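Working notes for the structure below.
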Amino acid sequence: MKNKNLANRVKALRKRKGFSQEELTENSGLSLRTIQRIENGETEPRGDTLKRLANALHVTPDDLIDWTVQEDNGYLQALNLSALSFLFFPLLGIIIPLIMWISKKDKLKDVNVLAKSIINFQITWIIIFSVGFICNALLLANKIDTTGVLSPTIIINNLRNQMILVVVMYCFNLIMILINSYRIHKKVNVRYLPKINFLRT
């Protein structure tokens, strides 16, 4: 199992660097057959082979050897709850989960799927929220253009609509995060809807 995890790590790093197996062979000084056997999980690099491979991929030997896909439900919970930062500023609901995802990307079971679901949902939420504000502003402009007057009643109605939009959208986002936090606790797949798949899961 360790060989397979290491094989996946080497392959993922090679592709992330944009190397072909032949280029990795050239950069590391290892034979093509050795690279293929490592990536197929047939052998585990040690000693000089490990150092050459790590140097060619611009990582430390420990980064390769210690890398395994682990389960950490606590981290998944923290990642999910980090989306609550949208309460302080909408973009934080994307930025903080993104940072947490990058720090554990490909290292924890289900972290990629969860992070992409959260980020896709939060981006979609911001788009819907923004469209709602724009539509409300256009309705206000239309009323002013139609009546030719900016009355206190029109302003109050517009502000009321804006407040309803804010409360509904924020409550919906909060409820989705809490529901999925419960689903993670129960080890059930998360379900963030609606979401546009900007990041493919």
Side-chain angles (χ1 to χ4, degrees), residues 1 4-21 39-41 57-59 63 67-139 161-201:
M1 183 64 176
K4 191 64 178 173
N5 289 330
L6 181 57
N8 290 338
R9 177 61 167 166
V10 171
K11 191 180 293 184
L13 282 172
R14 174 176 63 76
K15 289 182 178 179
R16 198 176 299 168
K17 300 290 182 184
F19 296 154
S20 64
Q21 286 185 334
E39 289 196 359
N40 290 332
L57 293 169
H58 309 296
V59 295
D63 287 335
W67 188 89
T68 56
V69 177
Q70 303 168 346
E71 287 191 39
D72 188 346
N73 214 46
Y75 192 86
L76 297 180
Q77 280 283 13
L79 173 60
N80 184 65
L81 292 174
S82 73
L84 289 173
S85 54
F86 85 92
L87 292 167
F88 301 101
F89 186 70
L91 284 177
L92 288 177
I94 298 169
I95 294 169
I96 293 179
L98 179 62
I99 292 169
M100 290 185 69
W101 174 38
I102 290 170
S103 70
K104 294 289 185 179
K105 187 177 181 183
D106 300 324
K107 293 184 180 180
L108 293 179
K109 185 180 179 183
D110 298 328
V111 73
N112 294 342
V113 173
L114 175 61
K116 288 176 183 179
S117 293
I118 292 168
I119 293 167
N120 285 335
F121 172 76
Q122 292 297 332
I123 293 172
T124 305
W125 180 84
I126 287 174
I127 291 171
I128 295 170
F129 195 27
S130 301
V131 168
F133 263 100
I134 292 167
C135 288
N136 204 31
L138 290 174
L139 284 172
N161 292 341
Q162 294 283 29
M163 287 304 298
I164 291 171
L165 174 67
V166 169
V167 170
V168 169
M169 291 297 293
Y170 270 69
C171 284
F172 180 73
N173 197 333
L174 178 62
I175 289 167
M176 286 299 295
I177 292 169
L178 294 178
I179 287 172
N180 282 294
S181 183
Y182 178 76
R183 292 177 71 85
I184 292 168
H185 175 71
K186 291 294 183 180
K187 297 189 176 180
V188 179
N189 290 338
V190 295
R191 191 174 296 157
Y192 273 103
L193 295 170
K195 71 176 188 290
I196 301 168
N197 288 326
F198 298 98
L199 301 173
R200 298 285 177 188
T201 54

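Just so you know, these numbers use all the heavy atoms, side chains as well, and skip hydrogens, waters and symmetry mates. In this chain, residues are counted from 1 in sequence order. Just so it is clear, the structure is predicted and the values come from calculations on it, not from any experiment.
- The CD1 atom of Ile127 lies 5.0 Å from the CD1 atom of Ile196; values are rounded to the nearest 0.5 Å.
- Gly41 and Ala7 get closest at one heavy-atom pair: N-CB, 3.6 Å.
- A heavy-atom distance below 4.5 Å is not found between the side chains of Lys105 and Val111.
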Assess the residue pair Val166 and Phe133 against the criterion (side chain to side chain contact (heavy atoms under 4.5 Å, CB included)); give the C-alpha distance rounded to whole Å, side-chain angles, the decisive distance to 0.1 Å, and a yes or no. CA-CA 9 Å; Val166 169; Phe133 263 100; 3.8 Å; yes
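- Distance CG/Asp110 to CG/Asp72: 11.5 Å, rounded to 0.5 Å.
- The shortest distance between side-chain heavy atoms of Ile102 and Ile99 does not fall below 4.5 Å.
- Ring geometry for Tyr170 versus Phe86: interplanar angle of 30 to 60°, hence tilted.
- In this structure, CG in Leu114 is found 14.5 Å from NZ in Lys104, a value given to the nearest 0.5 Å.
- Contact annotation: the side chain of Thr124 approaches that of Phe198 to within less than 4.5 Å [non-hydrogen atoms, C-beta and beyond].
- Looking only at side-chain heavy atoms (C-beta outward), Asn173 and Gln122 come within less than 4.5 Å of each other.
- The backbone N or O of Val188 sits nowhere less than 3.5 Å from a side-chain atom of Arg183 that would complete a donor-acceptor pair.
- Within the 3.5 Å criterion, the main-chain N or O of Lys195 finds no donor-acceptor partner in the side chain of Asn120.
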For Phe172 and Trp125: C-alpha separation, side-chain torsions, deciding distance, then whether ring pair (Phe, Tyr, Trp, His ring centres under 6.0 Å) applies. CA-CA 9 Å; Phe172 180 73; Trp125 180 84; 9.0 Å; no
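- For the atom pair OG of Ser82 and CD1 of Ile95, the computed distance is 11.5 Å after rounding to the nearest 0.5 Å.
- Side-chain contact between His58 and Lys17: present, with at least one pair of heavy atoms (C-beta onward) separated by less than 4.5 Å.
- For the pair Ile126 and Ile94, the minimum side-chain heavy-atom distance is below 4.5 Å.
- The CG atom of Asn73 lies 10.5 Å from the CG atom of Leu108; values are rounded to the nearest 0.5 Å.
- Nearest heavy-atom pair, Gln77 versus Ser181, reported as atom, atom and distance to 0.1 Å: OE1-OG, 2.6 Å.
- At least one side-chain heavy atom of Asn80 sits under 4.5 Å from a side-chain heavy atom of Tyr192.
- Between His185 and Tyr182, the two ring planes are tilted [angle within 30° to 60°].
- For the pair Phe129/Leu165, a side-chain contact is recorded, criterion being any heavy-atom separation below 4.5 Å from C-beta on.
- Aromatic ring centroids of Trp101 and Tyr75 lie 6.0 Å or more apart.
- In this structure, the side chain of Lys116 engages the main chain of Arg200 through a donor-acceptor pair within 3.5 Å.
- Proximity of a side-chain donor or acceptor of Asn136 to a complementary backbone N or O of Gly132 within less than 3.5 Å is not detected.
- A pairwise comparison of heavy atoms in Leu92 and Pro97 identifies O-CD, 3.5 Å as the closest pair.
- For the atom pair Leu79 CG and Ile96 CD1, the distance stands at 11.0 Å (nearest 0.5 Å).
- Closest of all the heavy-atom pairs between Arg191 and Met176 is O-CE, 3.2 Å.
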